[in-house]
Amino acid sequence: NQNYANLEYIIIDGGSTDGSVEIIKKYEKYLAYWVSEKDRGQADAINKGFKMATGEIFGWLNSDDIYTPGSFRKIAEIFQNRSINLLYANFLIIDSQDEIKGQIKLCPVSLVTFISDGVFPHNQSAFWSKEAMQKLGLLDSSLRFCMDYEFFLRFFCLKFKTKFIDDFFGAFRIHDKSKSSTIMDVCEREHNLIIQRFKLNKYKTKVYKISSMCYRFLYYSLRMDYEHLFYLLRNTINSLKSKVKDYK
């Protein structure tokens, strides 16, 4: 539904028995390749797709999520600037009925905002060049949850050329059976492992956290996005209240 002709659409299914294969077959004529077979986890499955891909621009979408209409054409136009390695944007939050429940707005990301404040690109709204993919390598298949975090962190550690667009390229779906709802306990452990692997503990201090928050407030103040400023302020207050409560 993107109305973008130059699309190589690859589906890697993990041997589903829930009717997914029947749906895939229904759309088979639109696909460059698909397979349904057992894999060694989400990252392994995504890597299979990357190995098959021959395009100039890469991205991946998990089965729960969607891209917003018209995104691919915008992305292809921006990537005409060959110096860009990674392009990322904001993303929406939707429920099981495709109703928009919220939005996550980013800003131009640095290593400081990435590590200290948790502001980083998400795969629903991020695309990168073939050249970057060849240099970075594949996802870390040993990770069950934070494979996207680790993958995008490499862009900033290796100082690739990145570009933020204040738009919405995709949507992340929240529902009771989503992976994000069922294995959140794995997230913190893997996150800490990644920080240690890249030796980035120095960025996880209150000073960096506060500087990153101030940067985000300034960024959206200059853009006069008062709705998002209110959202940031409300989240900051709620976070402080929670910490005070825990302390008591």
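One-based numbering along the sequence shown. Computed from heavy atoms alone, side chains included, the values below leave out hydrogens, waters and symmetry copies.
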Check the pair W34 / K25 against side-chain contact (heavy atoms from CB on, under 4.5 Å), numbers first and verdict last. CA-CA 9 Å; W34 74 273; K25 287 180 177 178; 4.0 Å; yes
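- In this structure, R82 does not pair ionically with E131, as no charged nitrogen and carboxylate oxygen lie closer than 4.0 Å.
- Centroid-to-centroid, the aromatic rings of F160 and F156 stay 6.0 Å apart or farther.
- A side-chain donor-acceptor contact under 3.5 Å links S125 to the backbone of A89.
- R73 and E77 are not joined by a salt bridge, as no carboxylate oxygen comes within less than 4.0 angstrom of a charged side-chain nitrogen.
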Given the rule in the side-chain contact (heavy atoms from CB on, under 4.5 Å) test, do Y219 and F164 qualify, once you have shown the distances and angles that lead to the verdict? CA-CA 13 Å; Y219 178 81; F164 168 67; 3.3 Å; yes
Report the C-alpha separation of W128 and F151 in whole Å, then their side-chain angles, then the decisive distance to 0.1 Å, and conclude whether the ring pair (Phe, Tyr, Trp, His ring centres under 6.0 Å) test is met. CA-CA 11 Å; W128 52 96; F151 180 74; 5.1 Å; yes
Show your reasoning for whether ring pair (Phe, Tyr, Trp, His ring centres under 6.0 Å) applies to Y67 and F72. CA-CA 9 Å; Y67 290 125; F72 287 6; 5.1 Å; yes
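- Listed for the Q103 side chain is no donor-acceptor partner under 3.5 Å among the backbone atoms of L92.
- The neighbour count for K204 NZ, taken as heavy atoms of other residues, nucleotides or ligands under 6.0 Å away, is above 12.
- Summarising the local packing, CD of E37 is surrounded by more than 12 heavy atoms from other residues, nucleotides or ligands at distances under 6.0 Å.
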Mind running salt bridge (Lys or Arg N to Asp or Glu O under 4.0 Å) on R154 and D140 for me, showing each step along the way? CA-CA 11 Å; R154 285 185 240 163; D140 183 345; over 6 Å; no
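- In this structure, the separation between NZ on K74 and CG on L87 is 11.0 Å, given to the nearest 0.5 Å.
- The local environment of CZ in R40 is sparse, with at most 12 non-hydrogen atoms from other residues, nucleotides or ligands closer than 6.0 Å.
- The number of heavy atoms from other shown groups lying within 6.0 Å of NZ (K105) is above 12.
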Report the C-alpha distance between E56 and S129 in whole Å, list the side-chain angles of each, state the deciding distance to 0.1 Å, and finish with yes or no for side-chain hydrogen bond (donor to acceptor under 3.5 Å, both in side chains). CA-CA 6 Å; E56 295 297 321; S129 66; over 6 Å; no
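- Nearest approach of G59 to F127, heavy atoms of both residues: CA-CD2, 4.2 Å.
- With 3.5 Å as the limit, one finds no donor-acceptor pair spanning the side chains of N62 and Q124.
- Remark: I100 CD1 is loosely packed, at most 12 non-hydrogen atoms of other residues, nucleotides or ligands lying under 6.0 Å away.
- In this structure, Y149 has its ring center under 6.0 Å from that of F120.
- A 6.0 Å sphere centred on CG of N6 holds no more than 12 heavy atoms belonging to other residues, nucleotides or ligands.
- At least one donor-acceptor pair under 3.5 Å links the side chain of Y88 to the backbone N or O of V109.
- Enclosure of atom OH in Y27 is not indicated, since only 12 or fewer non-hydrogen atoms of other residues, nucleotides or ligands lie within 6.0 angstrom.
- Heavy-atom contacts from other residues, nucleotides or ligands closer than 6.0 Å to CG of D18 number more than 12.
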Do W60 and L139 pass the side-chain contact (heavy atoms from CB on, under 4.5 Å) test, and can you show the C-alpha distance, the side-chain angles, and the key distance before you say yes or no? CA-CA 11 Å; W60 92 79; L139 301 186; 3.9 Å; yes
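- No side-chain donor from either of S71 and Q2 sits under 3.5 Å from a side-chain acceptor of the other.
- Distance alone, capped at 3.5 Å, is enough to place a donor-acceptor pair between the T236 side chain and the L232 backbone.
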Quick one, K101 with D95, criterion salt bridge (Lys or Arg N to Asp or Glu O under 4.0 Å). Give me CA distance, side-chain angles, the key distance, then yes/no. CA-CA 7 Å; K101 294 299 181 181; D95 64 13; 3.8 Å; yes
Pair Y231, R234 - check side-chain contact (heavy atoms from CB on, under 4.5 Å), show working. CA-CA 5 Å; Y231 168 82; R234 184 186 62 189; 3.3 Å; yes
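- A side chain to side chain contact (heavy atoms under 4.5 Å, CB included) with Y215 holds for exactly one of V112, T113, D117; it is T113.
- For the residue pair N90 and D166, a side-chain donor N or O sits within less than 3.5 Å of a side-chain acceptor on the partner.
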